[in-house]
Amino acid sequence: MNLAKLHIPDGFINIPVSALFGVLSIGFVLIALRGAAKTLDDRTTPLAGLTAVFIFAAQMMNFPVAAGTSGHLVGAALATALVGPYSATLALTVVLGVQALLFADGGLTALGLNIFNLSVIAVWVSHFAILVIRKILPKNKTSVAIAAALAAFLSVPLAATGFSLQYALGGTGTIDAATVATAMLGTHILIGIGEALITFFTVASVIQTRSDLVYGWKEKLEVRS
Amino acid sequence: MNKTSNRFYLYFLLISIVIAGAFSFYASSSPDGLEKIAEDKGFLETAKDSAVADSPLSDYGVAGVDHDRLSVGLSGVIGVLVTALVAFGVFALAKKMRKGSTN
């Protein structure tokens with residue numbers, strides 16, 4: 001028995017478009033490395049590492065979403081709420097790298113496509129969604145978890161749309177891009193619900209125990225002081 | 001880093017090991033959203049084997065371990081440990097960059 005594959009394999013998207021997203025992803029990961037350098041300290045660095053570990057583990061837990069279809073956590077909103085967007089990009093990239101190289105999950109030429117959708121699109125959508133939602137909600141710990149959950153819900157269909165865009169640019173299949181985009185959006189809205197639930201419970205647990213380590217919470221304290 | 005922090009980090013790691021090592025066996029084995037759509041829309045056959053498709057950990061199993069539960073669980077625990085090593089390496093590097101730039 002083997003577990004389901006989670007990421008874009010080689011071959012779905014042609015080499016030029018894969019290479020283009022490879023280059024874009026390298027750029028965003030370098031930006032993330034510089035950004036993370038500014039936010040990490042002795043206390044938050046272990047949390048950033050463990051966030052990557054938790055996401056690797058949680059992604060293995062495919063949950064059923066519709067007949068014959070499963071979904072799995074991306075973890076972008078969860079990571080963004082806990083460690084901020086730069087470290088979240090790095091955490092997701094590490095997970096995708098380990099999965100592609102060690103577990104043959106997600107193609108090697110497709111690595112840039114996967115990093116772009118999950119470590120870049122899903123993370124930055126989550127970051128801005130969390131910022132906006134937290135402006136509306138009351139300033140308490142539960143709000144951080146709710147904002148992360150709503151961001152999680154949005155991030156999944158948008159990351160899926162990243163694939164649809166890549167397919168439109170360089171898909172090797174014969175089916176038209178609009179059909180793929182519609183199907184991707186529909187299924188991933190459902191998966192987004194699972195993503196939101198897991199994100200809510202994880203962020204709520206961490207913020208109840210160690211709010212001092214949580215990026216999304218500390219930020220607020222800094223603004224106040 | 002104080003004792004409370006260490007305990008918190010340890011719990012975080014243990015929960016991850018339990019999920020990857022034990023719970024993962026019960027994960028849905030249905031194809032995920034992308035794979036299912038690729039199958040339904042007829043472009044699944046455009047997938048090519050990864051260059052590392054023969055990896056001993058390919059598709060979250062350990063080559064040579066015939067016991068299903070053990071094979072999946074072991075691959076999960078190995079994945080957790082490798083992810084931990086790589087992630088701590090990357091974040092330690094990022095933190096070092098900050099020290100380099102501020103001094």
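Throughout, a chain's letter reflects where its sequence line sits, starting with A, and its residues are numbered from 1.
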Legend entry - Portion of A:A67 that has a non-hydrogen atom of chain B nearer than 4.5 angstrom: backbone

Inset, instruction - Among A:D105, A:V98, A:L102, find the residue that satisfies the side chain to side chain contact (heavy atoms under 4.5 Å, CB included) test when tested with B:L57. - result: A:L102

Inset, instruction - Tell me, yes or no, whether the heavy-atom count around A:F28 atom CZ, taken from other residues, nucleotides or ligands under 6.0 Å, exceeds 12. - result: no

Inset, instruction - Give, for atom OG1 of A:T69 and atom CG of B:D40, the distance between the pair rounded to the nearest 0.5 Å. - result: 7.0 Å

Legend entry - Residue B:L81 versus chain A: region with a heavy atom under 4.5 Å: neither

Legend entry - Minimum heavy-atom distance between A:T45 and B:F88, given as atom pair plus value: O-CE2, 4.4 Å

Inset, instruction - Would you indicate whether the side-chain heavy atoms of B:K36 and A:T187 approach each other to under 4.5 Å? - result: no

Legend entry - Proximal component of B:L34, with respect to chain A [non-hydrogen, under 4.5 Å]: both

Legend entry - Segment of A:Y86 engaging chain B (4.5 angstrom heavy-atom cut-off): neither

Inset, instruction - Scan B:S28, B:S29, B:S24 and name whichever one has a side chain to side chain contact (heavy atoms under 4.5 Å, CB included) with A:N62. - result: B:S28

Legend entry - A:F103 side chain near B:S75 side chain, heavy-atom distance below 4.5 Å: yes

Legend entry - Heavy-atom contact with chain B under 4.5 Å, split by part of A:A110: neither

Inset, instruction - Name the region of B:F8, side chain, backbone, both or neither, that has any atom closer than 4.5 Å to a heavy atom of chain A. - result: side chain

Inset, instruction - Please state whether the side chain, the backbone, both or neither of B:D49 comes within less than 4.5 Å of a heavy atom of chain A. - result: backbone

Legend entry - Residue A:L50 versus chain B: region with a heavy atom under 4.5 Å: both

Legend entry - Between A:A91, A:G49, A:A32, A:G35, the one whose heavy-atom pairs under 4.5 Å with chain B are most numerous: A:G49

Inset, instruction - Please report the C-alpha distance between A:K5 and B:D32 in whole Å, then the side-chain angles of each, then the deciding distance to 0.1 Å, and finally whether the salt bridge (charged side-chain N to carboxylate O under 4.0 Å, His left out) criterion is met. - result: CA-CA 7 Å; A:K5 295 229 180 232; B:D32 78 344; over 6 Å; no

Legend entry - Region of A:A100 in contact with chain B, defined by heavy-atom distances below 4.5 Å: backbone

Inset, instruction - Can you measure from OG1 (A:T179) to CD1 (B:I37) and round to the nearest 0.5 angstrom? - result: 11.5 Å

Legend entry - pair A:F56-B:V80: side-chain heavy atoms closer than 4.5 Å: yes

Legend entry - For chain A, the option from B:S58, B:A87, B:G42 that forms the most heavy-atom pairs under 4.5 Å: B:S58

Inset, instruction - Identify, with sequence neighbours excluded, every residue that meets ring-ring contact (aromatic ring centres under 6.0 Å, His included) alongside A:F153. - result: none

Legend entry - From B:K95 atom NZ to A:T44 atom OG1, the distance as rounded to the nearest 0.5 Å: 8.0 Å

Legend entry - Flag if over 12 foreign heavy atoms under 6.0 Å of NZ, A:K141: yes

Legend entry - Value rounded to 0.5 Å, distance of CG in A:L111 from OG in B:S50: 10.0 Å

Inset, instruction - Measure A:S87 against the heavy atoms of chain B and call it side chain, backbone, both or neither at under 4.5 Å. - result: both

Inset, instruction - Please answer whether the main-chain N or O of A:V95 pairs with a side-chain N or O of B:T83 as donor and acceptor at a distance below 3.5 Å. - result: no

Legend entry - Among B:Y11, B:F12, B:Y9, ring pair (Phe, Tyr, Trp, His ring centres under 6.0 Å) partner for A:F54: B:F12

Legend entry - Where A:A183 and B:K41 come nearest, the two heavy atoms and their spacing: CB-CE, 3.8 Å

Legend entry - chain B neighbours within residues 8-17 of chain A, where any heavy atom lies under 4.5 Å away: A:I8, A:P9, A:D10, A:G11, A:F12

Legend entry - Under 3.5 Å: donor-acceptor pair, side chain of B:S30, backbone of A:S70: no

Inset, instruction - Identify the heavy atoms of A:A36 and B:A94 that sit nearest to each other, and give their distance. - result: CB-CB, 4.3 Å

Legend entry - Leading residue by heavy atom contact count with chain A [cutoff under 4.5 Å; candidates B:S55, B:A84, B:A20, B:G79]: B:G79

Inset, instruction - Give the member of B:P56, B:G21, B:A92, B:P31 that has the highest number of heavy-atom pairs under 4.5 Å with chain A. - result: B:P31

Inset, instruction - Go through the atoms of A:T209 and report whether side chain, backbone, both or neither lie under 4.5 Å from a heavy atom of chain B. - result: side chain

Legend entry - Best-contacting candidate, A:A66, A:G68, A:A52, against chain B by heavy atom pairs under 4.5 angstrom: A:G68

